[in-house]
Amino acid sequence: QVQLVESGGGSVQAGGSLRLSCAASGLTFSVHSMGWFRQAPGKEREFVAAISWKSGSTYYADSVKGRFTISRDNAKSTVFLQMNSLKSEDTAVYYCAAGLRLTALETRTSYAYWGQGTQVTVSS
């Protein structure tokens, strides 16, 4: 059974940093592209960042470029999201996702598996 477990969320002041982790089990992590999405209250779930399993290429939403960094550790079956210079508009539940695709990684339908999410709250 595939499991994705996010951790590292919490409350932080604007301008601060958080590092999210997502530990995967039950799948061959090295051949899954990984993505981070977020959902704020009353809004749809939106793409944040993704990393391809084959080339290691990374992709970011315009709203987080230059502030967030996605990375992966295949030996630990874990993907990370380093979030710096956090803003109040980054407040959301953050979800990690895994899928076999190498393209269209910004779309939710590219992912077969999802975690339960971790709350990030940024106060101004």
Side-chain angles (χ1 to χ4, degrees):
Q1 182 179 357
V2 175
Q3 280 195 311
L4 301 177
V5 180
E6 302 97 336
S7 62
S11 297
V12 65
Q13 289 194 328
S17 298
L18 283 174
R19 189 191 195 206
L20 305 184
S21 300
C22 172
S25 60
L27 54 74
T28 305
F29 184 80
S30 60
V31 296
H32 279 77
S33 295
M34 300 299 295
W36 286 97
F37 289 74
R38 67 187 181 187
Q39 188 166 17
K43 295 189 176 181
E44 290 199 357
R45 193 171 298 189
E46 66 174 5
F47 170 73
V48 176
I51 184 165
S52 164
W53 67 262
K54 192 169 186 179
S55 64
S57 296
T58 56
Y59 308 87
Y60 298 93
D62 288 343
S63 59
V64 306
K65 274 181 186 175
R67 300 188 298 123
F68 291 10
T69 302
I70 188 171
S71 61
R72 63 189 296 158
D73 184 338
N74 287 344
K76 296 182 178 179
S77 298
T78 301
V79 63
F80 304 97
L81 185 68
Q82 178 66 43
M83 306 187 295
N84 298 328
S85 302
L86 283 161
K87 305 175 181 180
S88 57
E89 50 263 45
D90 295 318
T91 294
V93 177
Y94 283 71
Y95 300 89
C96 74
L100 293 170
R101 294 198 60 170
L102 293 172
T103 59
L105 296 182
E106 73 282 3
T107 60
R108 286 179 288 177
T109 54
S110 294
Y111 301 91
Y113 308 106
W114 292 82
Q116 292 300 305
T118 186
Q119 176 71 47
V120 171
T121 303
V122 183
S123 57
S124 56

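Side chains included, hydrogens not; waters and symmetry mates left out as well; all remaining heavy atoms used.
- A salt bridge is absent between D90 and K87; no separation between the charged side-chain nitrogens and carboxylate oxygens falls under 4.0 Å.
- Residue L20 holds its CG atom at 8.0 Å from OG of S7, rounded to the nearest 0.5 Å.
- Other residues, nucleotides and ligands place no more than 12 heavy atoms under 6.0 Å from the OH atom of Y113.
- Contacts classified as side-chain hydrogen bond (donor to acceptor under 3.5 Å, both in side chains) and involving residues 11-28 (residues at least two apart or in different chains) are given here: S17-N84.
- Not a single donor-acceptor pair under 3.5 Å links the side chain of Q116 to the backbone N or O of E6.
- Residues A24 and L27 share a closest heavy-atom pair of CB-CD1, 4.2 Å.
- Between C22 and M34, the shortest heavy-atom contact is SG-CE, 4.4 Å.
- Scanning all heavy atoms of the two residues, the minimum distance from S52 to L102 falls at OG-CD2, 3.4 Å.
- Y60 has its side chain within reach of I70: a pair of non-hydrogen atoms, C-beta onward, lies under 4.5 Å apart.
- Two residues are said to be in side-chain contact when any heavy atoms from C-beta on lie closer than 4.5 Å; R72 and T78 fail this criterion.
- Under the 6.0 Å distance and 45° angle rule, R45 counts as a cation-pi partner of Y95.
- The distance from atom CZ of F68 to atom OG of S85, rounded to the nearest 0.5 Å, is 9.0 Å.
- One hydrophobic cluster, built from ILVMFWY side chains closer than 4.5 Å, holds both Y94 and V122.
- For the atom pair T103 OG1 and E106 CD, the distance stands at 8.5 Å (nearest 0.5 Å).
- The minimum heavy-atom distance between Y111 and S33, with the atom names listed, is CE2-O, 4.0 Å.
- Once rounded to the nearest 0.5 Å, the distance linking OG1 of T69 with CE of M83 reads 11.0 Å.
- Panel note: side chain S88, backbone S123; no donor-acceptor pair is recorded below 3.5 Å.
- Residue L105 comes nearest to A50 through the heavy atom pair CB-CB, 3.7 Å, listed as atom of the first residue, atom of the second, then distance.
- Remark: aromatic rings of Y59 and F47 are distant, center separation not under 6.0 Å.
- Atom CH2 in W36 sits 12.0 Å away from atom CD1 in I51 (nearest 0.5 Å).
- When the side chains of ILVMFWY residues are joined at heavy-atom separations under 4.5 Å, either directly or via intervening members, V79 and L18 end up in a single hydrophobic cluster.
- In this structure, the separation between OG1 on T91 and CZ on R38 is 9.0 Å, given to the nearest 0.5 Å.
- When all heavy atoms of S63 and R67 are compared, the closest pair comes out as O-NH2, 2.9 Å.
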